Amino acid sequence: MLLIDVVRVSEAVTRTSARLGKVGHLAELLGRVGPDEARIAISYLSGELPQRQVGVGWRSLQDPPAPKLVATATLTEVDALLSRIKAVAGQGSQAARKDLVTELFAGLTSQEQAFLARLLGGELRQGALDGVMIEAVAKASGAPSADVRRALTLRGWLPAVGAAALSGGVEALRAFRLEVGRAVAPMLAGSAPSVAAALEKAGGQPVALEWKLDGIRVQAHRSGDVVRVFTRTLDEITAQVPELAEAVLGLPEDDLVLDGEVIALQPDGRPHPFQVSASRVASKLDVARLREETPLSVFFFDALRVAAADLLDLPYSERQEALARTVPPGLLTPRLVTGDVAKAEAFFADVVRAGHEGLVVKTLTSPYAAGRRGAGWIKVKPRHTLDLVVLAAEWGHGRREGKLSNLHLGARDPDGGYVMLGKTFKGLTDELLAWQTERFLQIADGPTDGWTVRLRPELVVEIAFDGVQRSPRYPGGMALRFARVLRYRPDKRPDEADTVDTVRALML
DNA sequence: TTCCGACAGTGGGGTCGCAAT
DNA sequence: ATTGCGACCCCACTATCGGAA
């Protein structure tokens with residue numbers, strides 16, 4: 001199959017707004033792709049590369065070579081070249097990699113070049129990723145989408161699942177099993193604004209409340225004396241977290257898959273800032289020294305496999321029993337089972353007082369349904385707010401083209417002026433985007449680089465955020481974590497906005 | 001007919017490792 | 001030594017579609 005066939009389908013999918021229409025276009029193509037190329041086609045059309053990353057980003061694609069006029073490149077050829085680029089990028093020379101990128105793009109028409117550039121940049125933007133592709137694979141193969149989804153949970157990679165479905169149908173899908181040593185797609189949580197709201201979502205039944213630790217999600221696999229550890233995106237980090245391997249090897253079972261969180265704790269048990277945990281887990285050099293300085297702790301909260309028995313389909317309460325039989329209390333995430341709102345709120349106050357992030361509320365009956373947010377797990381975190389001044393705004397991309405979107409936020413400096421604390425584009429409705437674009441252009445001030453529009457500091461906006469973190473980037477040395485717009489405050493003047501001192505107090 | 005769950009899109013700050021400057 | 005880039009860790013929120021109620 002030619003690359004251009006895939007590009008044409010991608011363009012048709014982009015033009016179609018109805019989800020079922022997108023599925024139809026994708027399924028039609030999957031119906032005529034050969035078995036060797038199914039994996040590649042599914043990968044490209046769900047917005048990823050079979051190689052995952054190849055070390056080529058938007059910057060490397062700034063000056064593409066002259067395009068060809070006739071499309072002749074096959075999927076197999078393009079895939080092989082990308083594999084070579086990945087291999088070269090892994091062993092050094094930027095120049096060699098650049099030559100291969102040029103060779104690849106020189107063999108493509110401008111239409112194909114544009115597609116591949118977006119694919120490499122991770123910005124396909126055709127309105128279809130895994131969710132839509134699952135339906136397309138189901139339609140093209142004749143298998144129920146539930147079987148496709150289930151196989152994806154266990155295998156963690158849709159192109160492999162899709163290729164199996166297209167060649168072997170539902171039988172092939174049902175042959176996928178949890179395999180120790182290969183990561184499972186992790187179960188994700190939705191969110192609620194308060195503990196009471198989370199309990200209500202759970203339907204008034206007793207629920208489990210678990211401490212939410214602000215570290216790195218880990219999935220630990222043990223087979224005999226071999227332990228492997230994976231992140232939420234299924235990347236392996238075994239070498240970076242030796243503490244975790246040792247902890248798992250100390251357990252009485254040797255055929256295990258556990259779900260948990262690693263976090264750097266201070267000697268008094270309070271958590272380090274998230275940056276410290278993230279830095280520790282990301283560092284690959286001199287891990288032995290780093291673990292002396294910043295040891296990691298692990299807390300497990302779920303068991304997917306214990307003593308060679310798969311537990312994913314069991315209700316959460318039964319997985320908990322298996323977990324408690326296998327893992328000593330010191331390695332378990334603190335939890336409380338209750339249906340009582342007052343008790344739940346007291347537990348929430350406990351976790352916040354201990355310096356942790358919040359709670360995850362879990363229904364006792366839900367199976368381990370990977371990849372779907374909001375089903376059985378709901379996170380609750382405390383929310384801070386500040387009234388800040390809009391200092392500038394940036395023009396948006398994609399569906400926000402032509403709208404001023406990303407706000408630069410400033411706190412008032414009591415000595416005069418404003419100190420920038422970060423940016424946000426979150427929480428804006430289309431109506432608000434339209435309003436602020438018009439309003440900002442009235443108060444635009446000073447030169448623009450064509451991207452950022454500086455504003456007279458006149459508008460006050462109420463911002464919600466999760467916390468204040470140290471920042472090397474901003475002049476005040478601090479930045480807001482996960483800032484989002486709640487509403488504009490036309491009732492407030494800029495000289496009534498919150499001050500940098502208020503923000504600094506929140507960081508301590 | 002209305003409601004609501006799932007999905008895609010739009011980007012945020014911080015950090016590491018690597019190659020080039 | 002510093003800088004630019006790619007990748008990935010954490011993530012909130014809105015709009016939309018289409019099946020469920």
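Everything quoted here is computed from the prediction, not taken from an experiment. Naming: A, B, ... by sequence-line order, numbering from 1 per chain.
Side chains of A:H25 and A:T16: a donor on one and an acceptor on the other come within 3.5 Å. Between the side chains of A:H408 and A:E394, a donor-acceptor pair is found at a separation under 3.5 Å.
Among the nucleotides C:dA12, B:dG13, B:dC16, the one closest to the side chain of A:F425 is C:dA12. Comparing B:dG9, B:dG17, C:dG18 by their closest approach to the side chain of A:R125 singles out B:dG9. Of all nucleotides listed (B:dG11, B:dG13, C:dC11), B:dG13 comes nearest to the side chain of A:K423. Of the candidates B:dC7, B:dG17, C:dC11, B:dG17 carries the atom nearest the A:K284 side chain, counting heavy atoms from C-beta on. Closest to the A:F274 side chain, of the nucleotides B:dG13, C:dC11, B:dA8, is B:dG13. Taking every side-chain heavy atom of A:I216 into account, C:dC10 is the closest of C:dC10, C:dG18, C:dC11. Checking B:dT15, C:dC11, C:dC5 against the side-chain heavy atoms of A:S279 singles out B:dT15 as nearest. Relative to the side chain of A:R217, the nucleotides C:dA15, B:dA8, C:dC10 differ in distance, and C:dC10 lies closest. Distances were taken from every side-chain heavy atom of A:R59 (C-beta onward) to each of C:dC10, C:dC8, C:dG6; the shortest belongs to C:dG6. Minimum atom distance to the side chain of A:R149 is reached by B:dC7, of the listed C:dC17, B:dC16, B:dC7.
Counted within 6.0 Å of CD on A:E431, heavy atoms from surrounding residues, nucleotides or ligands total 12 or fewer; the atom is thus considered open.
Under 4.0 angstrom from either OP1 or OP2 of C:dC10 there lies at least one side-chain N or O belonging to A:R232. Of the side-chain N and O atoms in A:S471, one or more sit less than 4.0 angstrom from OP1 or OP2 of B:dG14. In this model, the phosphate group of C:dA12 is approached by a side-chain N or O of A:K379 to a distance below 4.0 Å at OP1 or OP2. Between A:T424 and the phosphate of C:dA12, there is no side-chain N or O to OP1/OP2 separation shorter than 4.0 Å. Of the side-chain N and O atoms in A:N406, one or more sit less than 4.0 angstrom from OP1 or OP2 of B:dG12. The shortest distance between the side-chain N/O atoms of A:Q275 and the OP1/OP2 oxygens of C:dC10 is not below 4.0 Å. Within the 4.0 Å cut-off from OP1 or OP2 of C:dC5, not a single side-chain nitrogen or oxygen of A:W58 is found.
Judged by Watson-Crick or G-U wobble contacts below 3.5 Å, the nucleotide B:dC4 has C:dG18 as its partner.
Using a 30° and 60° split on the angle between ring planes, A:W211 and A:H356 fall in the tilted class, from 30° to 60°.
Computed from coordinates, the A:L20 CG to C:dC17 P distance equals 11 Å when rounded to whole Å. The CG atom of A:D430 sits 11 Å away from the P atom of C:dT14 (whole-angstrom rounding). When rounded to the nearest whole Å, the span between CG of A:L432 and P of C:dC13 equals 14 Å. A:M420 has its CE atom 11 Å from the C1' atom of B:dG13, to the nearest Å. C:dA15 atom P lies 18 Å from atom CD of A:E401, rounded to whole Å. Distance, A:Q62 CD to C:dG4 P: 14 Å, rounded to whole Å. Whole-Å rounding puts the A:E48 CD to B:dG9 P distance at 14 Å. Here B:dG14 presents its P atom at 12 Å from CZ of A:R470, a figure rounded to the nearest Å.
Along DNA chain C, the nucleotide nearest A:S17 and the nucleotide nearest A:Q53 are compared for position; the residue whose nucleotide lies closer to the 5' end is A:Q53. Between A:V276 and A:R399, the residue anchored nearer the 5' end of DNA chain B, judged by the nucleotide with its closest heavy atom, is A:R399.
Within the cation-pi definition used here (under 6.0 Å to the ring centroid, within 45° of the axis), A:R150 does not qualify as a partner of A:F176.
For the pair A:E48 (side chain) and A:D130 (backbone), a donor-acceptor distance under 3.5 Å is absent.
Using a 4.0 Å heavy-atom cutoff across all strands shown, A:V54 reaches sugar-phosphate atoms only and no base atom.
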